[in-house]
Amino acid sequence: MKIRKVALLLLPLAALTAGLAIWGPEALARYQDRGVLNQIHTQEVETGTEGYRYALGSNDKLYILSKCLNNQIQPESEQSAMTRTGQSDLDYQELTGTYAFVVNRKDSAGKEVSGETGIELCNHAVRELKELGILPDSVRELTVAGYEAELYSAIDVPEPQNNVLVWKISLSTGKQNADKQNRLLDAYVDADTGKMYEFYVRSSVAAWTEVDPDQMIAAWAEYMGLGEPQEYEGTNPLGETTPYFRKYSFEGMEEGSTVVTVGFYEDINELFLKISK
């Protein structure tokens with residue numbers, strides 16, 4: 001009899017348990033929905049999108065910038081001064097093709113920047129390169145009054161996320177008979193890292209025999225984070241306006257490569273390292 005009574009008492013409990021198992025989750029869901037539906041909820045999240053651009057390696061950036069510079073003929077040396085006429089008439093905004101080099105008024109965070117920012121970055125790069133023995137110690141720092149700085153974007157047009165933001169720094173040509181001795185004449189400086197891709201300088205170096213191009217390119221490659229330079233085998237002596245130069249190559253994007261030239265104009269004591277033709 002006792003067993004039967006216990007069984008009778010357990011039957012309602014079992015039925016209640018079964019009912020909760022069937023209807024409980026649905027009722028709980030409806031209760032939770034009433035706290036969410038038809039109401040506005042806000043939550044602060046870190047998106048990390050401000051100033052975001054596709055991350056490129058040093059070799060990739062060098063390759064893209066080189067391609068862009070070679071798509072627009074823009075002499076950088078005083079040795080080629082007579083070919084500079086009309087340079088300011090170039091409209092970079094209308095460049096088309098696989099690579100484009102266009103004026104950019106904003107930094108990677110989308111903020112307007114002044115030329116002073118580029119000159120400050122360039123001065124920092126000059127100090128670094130002098131410490132590494134890439135630039136002669138005699139090269140003077142830049143002044144805001146004596147230089148022009150303009151921001152550009154070097155863009156891989158089919159893949160526009162592949163782009164490099166650079167400052168083009170030039171000794172101001174507005175001053176007649178400006179003293180160029182021991183001065184940086186032209187340079188391209190990465191707007192994000194401050195690294196100097198290319199430069200032309202007048203210095204105290206008086207002869208090509210005073211330059212060790214292999215040591216210079218090795219130090220610059222380490223500074224840029226490019227890996228080991230390889231001697232370029234396709235050198236055409238007629239492609240340069242000076243007999244004093246050495247060419248090297250670095251791995252680029254996919255199967256491409258970037259040619260970097262170290263050279264010297266002995267008659268005007270001008271040393272250069274360039275990634276453009």
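By convention here, the first residue in the shown sequence is residue 1.
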Minimum heavy-atom separation for Asp60 to Gly252, with atom names? OD1-O, 4.0 Å
Would you sort out whether Phe250 and Glu228 count as a side chain to side chain contact (heavy atoms under 4.5 Å, CB included), showing the intermediate values? CA-CA 7 Å; Phe250 293 89; Glu228 291 292 327; over 6 Å; no
Val113, Ile119: one ILVMFWY side-chain cluster at the under-4.5 Å cut-off? yes
From CA spacing to verdict: side-chain hydrogen bond (donor to acceptor under 3.5 Å, both in side chains), Asp156, Tyr99: CA-CA 5 Å; Asp156 178 355; Tyr99 294 92; 4.6 Å; no
With a sphere of 6.0 Å drawn around CD of Glu222, does it hold more than 12 non-hydrogen atoms of other residues, nucleotides or ligands? no
Tightest non-hydrogen contact, residues Asn70 and Ser276, listed as OD1-CA, 3.2 Å
Which pair of heavy atoms, one from Gly194 and one from Ala125, lies closest together, and at what distance? O-CB, 3.4 Å
Minimal non-hydrogen separation, Ile155 against Pro160, with atom names: CG2-CA, 4.0 Å
Pairwise side-chain contact, Pro158 with Thr98, heavy-atom cut-off 4.5 Å (strictly under): yes
Side-chain touch Leu56/Asn162, heavy atoms, less than 4.5 angstrom: yes
Taking the side chain as every heavy atom from C-beta outward, state whether Arg183 and Arg202 have any pair of such atoms under 4.5 Å apart. no
Side-chain donor-acceptor pair under 3.5 Å between Asp186 and Ser170, yes or no? yes
Taking the side chain as every heavy atom from C-beta outward, state whether Leu69 and Tyr197 have any pair of such atoms under 4.5 Å apart. no
Quick one: are Met224 and Thr193 in side-chain contact, heavy atoms under 4.5 Å? no
Before giving the answer on side-chain hydrogen bond (donor to acceptor under 3.5 Å, both in side chains), spell out for Glu251 and Ser257 the whole-Å C-alpha distance, their side-chain angles and the decisive distance to 0.1 Å. CA-CA 5 Å; Glu251 290 184 2; Ser257 62; over 6 Å; no
Could you walk me through whether Val189 and Val166 pass side chain to side chain contact (heavy atoms under 4.5 Å, CB included), step by step? CA-CA 5 Å; Val189 178; Val166 295; over 6 Å; no
Under 4.5 Å between any side-chain heavy atoms of Asn163 and Ile64, yes or no? no
Please tabulate, for side-chain N and O atoms in residues 133-146, each donor-acceptor pair with protein atoms closer than 3.5 Å (sequence neighbours left out).
| unit_1 | atom_1 | unit_2 | atom_2 | d |
| --- | --- | --- | --- | --- |
| Ser138 | OG | Asn182 | OD1 | 3.0 |
| Ser138 | OG | Ser204 | N | 3.3 |
| Ser138 | OG | Ser204 | OG | 3.1 |
| Arg140 | NH2 | Asp179 | OD2 | 3.1 |
| Arg140 | NH2 | Gln181 | O | 2.9 |
| Glu141 | OE1 | Arg127 | NH1 | 3.2 |
| Glu141 | OE2 | Arg127 | NH1 | 3.0 |
| Thr143 | OG1 | Gly146 | N | 3.2 |

For the aromatic rings, using the six-membered ring if either is Trp, is the centroid distance between Phe264 and Tyr244 under 6.0 Å? no
Quick one, Ile275 and Thr261 - any side-chain contact, counting heavy atoms below 4.5 Å? no
Do the ring centers of Tyr232 and Tyr248 come within less than 6.0 Å of each other? no
Beyond-backbone contact of Glu270 with Val201, side-chain heavy atoms, under 4.5 angstrom: no
What do the steps show when you test Trp167 against Thr117 for side chain to side chain contact (heavy atoms under 4.5 Å, CB included), and what is the final call? CA-CA 9 Å; Trp167 284 100; Thr117 301; 4.1 Å; yes
Restricting to pairs with a member in residues 233-247, which pass salt bridge (Lys or Arg N to Asp or Glu O under 4.0 Å), not counting sequence neighbours? Asp214-Arg246, Glu231-Arg246, Glu240-Lys247, Glu240-Lys274
Please confirm whether the ring centroid of Tyr265 lies under 6.0 Å from the ring centroid of Phe272. yes
Looking only at side chains, do Glu266 and Thr242 share a donor and an acceptor under 3.5 Å apart? no
Are there more than 12 heavy atoms of other residues, nucleotides or ligands under 6.0 Å from atom CD of Glu120? no
Run the side chain to side chain contact (heavy atoms under 4.5 Å, CB included) check on Leu129 and Phe199 step by step: do they pass? CA-CA 11 Å; Leu129 295 183; Phe199 62 78; 4.2 Å; yes
